[in-house]
Protein chains: 2
Amino acid sequence: MMLSKSCIYGIQAAIYVSAHDSEEYVSISQIASELKISFHFLTKVLQQLTQAGLMISYRGPKGGVALARAAKDISLYDLVGAIDSTAIFTECLLGLPGCGVAAPCPAHDHWTKIRSELTTISRRVTLESMGKKASELNVRLSEEFRYAQSQYLDHKSAPANGHV
Amino acid sequence: MMLSKSCIYGIQAAIYVSAHDSEEYVSISQIASELKISFHFLTKVLQQLTQAGLMISYRGPKGGVALARAAKDISLYDLVGAIDSTAIFTECLLGLPGCGVAAPCPAHDHWTKIRSELTTISRRVTLESMGKKASELNVRLSEEFRYAQSQYLDHKSAPANGHV
DNA sequence: TTATATTTGGACAAAAGAGTCCGAAATCTT
DNA sequence: AAGATTTCGGACTCTTTTGTCCAAATATAA
């Protein structure tokens with residue numbers, strides 16, 4: 001798998017948060033419920049994002065998480081780096097420890113090219129660009145995702161939210 | 001990690017085999033010893049490659065494995081597909097099940113581009129091209145790899161090989 | 001102050017990946 | 001035919017990832 005489950009959950013949650021009013025905290029239980037991710041597991045993933053300084057959290061009623069900076073300033077690269085690691089952007093394909101310019105591994109040249117493109121694009125794709133695409137199309141999230149959303153709204157009616 | 005350990009071992013072993021005289025089988029214990037991979041583990045990985053039809057195996061003295069077809073006709077794509085899966089070449093970045101043209105996920109466009117490039121290059125890079133690069137440079141394998149090689153030669157002197 | 005909501009962080013359980021071991025089957029050599 | 005070599009395939013262990021649960025800390029509301 002390209003990215004770990006933790007990482008995918010973290011990205012999805014970050015997109016979800018960025019799509020919300022930045023004036024309020026979004027509770028982790030709400031995110032988990034709508035995205036159909038285990039609440040307790042998501043809790044740990046989001047702790048990684050707050051510890052990495054990408055999100056801020058607030059305890060107690062009306063607490064939750066929020067983006068630490070503007071959505072346009074949080075890239076896919078940041079998220080992946082905070083949860084998995086930046087190894088995917090820097091490591092040799094074959095995992096050979098000494099691989100480099102002096103002693104390139106057999107797939108070195110080709111992989112270097114793909115990797116740098118991967119890095120460039122990951123840095124360019126931000127929560128804002130992903131969120132924008134989402135609201136424009138209104139279908140950006142998979143069937144399952146949307147189903148989860150409707151389920152949630154049925155259950156809980158509009159949650160009373162305060163402000164930061 | 002981009003590729004599983006099994007996959008990396010399989011690719012390394014395949015490169016090793018392709019660098020040998022195609023008239024003889026290479027024993028798995030020899031490969032494992034030179035590449036410093038657990039023999040028993042490599043055994044299973046290479047079974048996957050033979051079951052996928054990329055290699056052929058032969059039991060008994062002077063047995064081992066050999067490429068099932070010419071090195072130029074076995075690509076990185078084949079190897080990865082046989083051991084990990086082709087999911088990396090086809091799947092959505094965020095792992096959303098319904099992701100596609102009708103309901104693209106937020107990172108869809110960008111990822112599609114990288115993915116198709118990854119696929120193209122993986123199909124184009126073959127055991128031959130990787131092996132060629134290796135013998136040209138004579139440094140293609142990492143320090144560790146070469147160290148393992150010298151260790152092996154010290155220990156065992158030239159192994160007596162028969163022919164297929 | 002008391003009750004409630006929410007994140008934090010540690011402990012634990014389950015599943016998957018990585019690695020080890022051993023007996024059986026196939027094949028060569030003597 | 002007997003013994004040695006080598007792959008095959010199953011069982012097992014160890015580690016990492018994924019997922020669950022609970023008590024403690026923090027904050028709001030009544």
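Lettering of chains follows the sequences in order, A, B, ..., and the numbering in each one begins at 1. Just so it is clear, the structure is predicted and the values come from calculations on it, not from any experiment.
Here D/dT5 presents its C1' atom at 15 Å from OH of B/Tyr25, a figure rounded to the nearest Å. Rounded to whole angstrom, the span from the CD1 atom of A/Ile31 across to the C1' atom of C/dT6 amounts to 12 Å. Summarising the geometry, the separation between NZ on A/Lys36 and P on D/dG19 is reported as 15 Å, rounded to the nearest angstrom. Look at CG on A/Asp84: it is 16 Å from P on D/dT16, rounded to the nearest Å. As a whole-Å value, the separation of A/Glu24 CD from C/dT6 C1' is 15 Å. One interatomic measurement links the two molecules: CD of B/Gln30 to C1' of D/dT7, which rounds to 15 Å at whole-angstrom precision. Distance CD (B/Gln48) to P (D/dG10): 13 Å, rounded to an integer number of Å. Rounding to whole angstrom units, CG of residue B/Leu3 and C1' of C/dA18 are separated by 15 Å.
Salt-bridge check for A/Lys62 with A/Glu24: failed, with every basic side-chain N at 4.0 Å or more from each acidic carboxylate O.
For residues 42-72 of chain B, the set of pairs meeting the ring pair (Phe, Tyr, Trp, His ring centres under 6.0 Å) definition, not counting sequence neighbours, comprises B/Tyr25-B/Tyr58.
In this model, the phosphate group of C/dT8 is approached by a side-chain N or O of A/Ser57 to a distance below 4.0 Å at OP1 or OP2. Applying the 4.0 Å criterion to OP1 and OP2 of C/dG9, one finds that A/Gln51 has a side-chain N or O inside that range.
Using a distance-only test at 3.5 Å, with no hydrogens or angles considered, no donor-acceptor pair links the side chain of A/Arg123 to the main chain of A/Ser75. Side-chain atoms of A/Ser38 come within 3.5 Å of backbone N or O of A/Phe41 as a donor-acceptor pair.
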Could you please spell out the steps behind the side-chain contact (heavy atoms from CB on, under 4.5 Å) verdict for B/Tyr16 and B/Gln30? CA-CA 10 Å; B/Tyr16 184 88; B/Gln30 180 184 339; 3.1 Å; yes
Would you check, one step at a time, whether the test side-chain contact (heavy atoms from CB on, under 4.5 Å) holds for A/Val26 with A/Asp21? CA-CA 9 Å; A/Val26 185; A/Asp21 184 356; over 6 Å; no
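Side-chain atoms of B/Ser29 and B/Ser27 include a donor-acceptor pair closer than 3.5 Å.
Here the straight-line distance linking atom CZ of B/Arg69 with atom CE of B/Met55 works out to 11.0 Å at 0.5 Å rounding. Summarising the geometry, atom CG belonging to B/Leu42 is positioned 9.5 Å from atom OH belonging to B/Tyr9; distances are rounded to the nearest 0.5 Å.
Nearest heavy atoms, A/Leu127 versus A/Leu79: CD2-CD1, 3.9 Å.
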Which nucleotides of nucleotides 24-30 of chain C have their base under 4.0 Å from a protein heavy atom (B), which only their sugar-phosphate (S), and which neither (-), written as one string 5' to 3'? -BBBBS-
For nucleotides 19-23 of chain C, which of its nitrogen or oxygen atoms have a protein nitrogen or oxygen under 3.5 Å away, and what is each distance?
| from | atom 1 | to | atom 2 | distance (Å) |
| --- | --- | --- | --- | --- |
| C/dG19 | OP2 | B/Tyr9 | OH | 3.2 |
| C/dT20 | OP2 | B/Ser38 | OG | 2.5 |

Please enumerate all protein N or O atoms sitting under 3.5 Å from an N or O of nucleotides 13-15 of chain C, with distances to 0.1 Å.
none

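Contacts of A/Ser4 with the nucleic acid, taken as non-hydrogen atoms under 4.0 Å apart, involve only primed sugar atoms and P, OP1 or OP2. Among the heavy atoms of the strands, none lies under 4.0 Å from A/Leu46.
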Could you pull out every donor-acceptor pair under 3.5 Å between side chains of residues 45-54 of chain A and any protein atom, sequence neighbours left out?
| from | atom 1 | to | atom 2 | distance (Å) |
| --- | --- | --- | --- | --- |
| A/Thr50 | OG1 | A/Gln47 | O | 2.8 |

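A search for ring pair (Phe, Tyr, Trp, His ring centres under 6.0 Å) contacts involving B/Phe39 returns nothing, not counting sequence neighbours.
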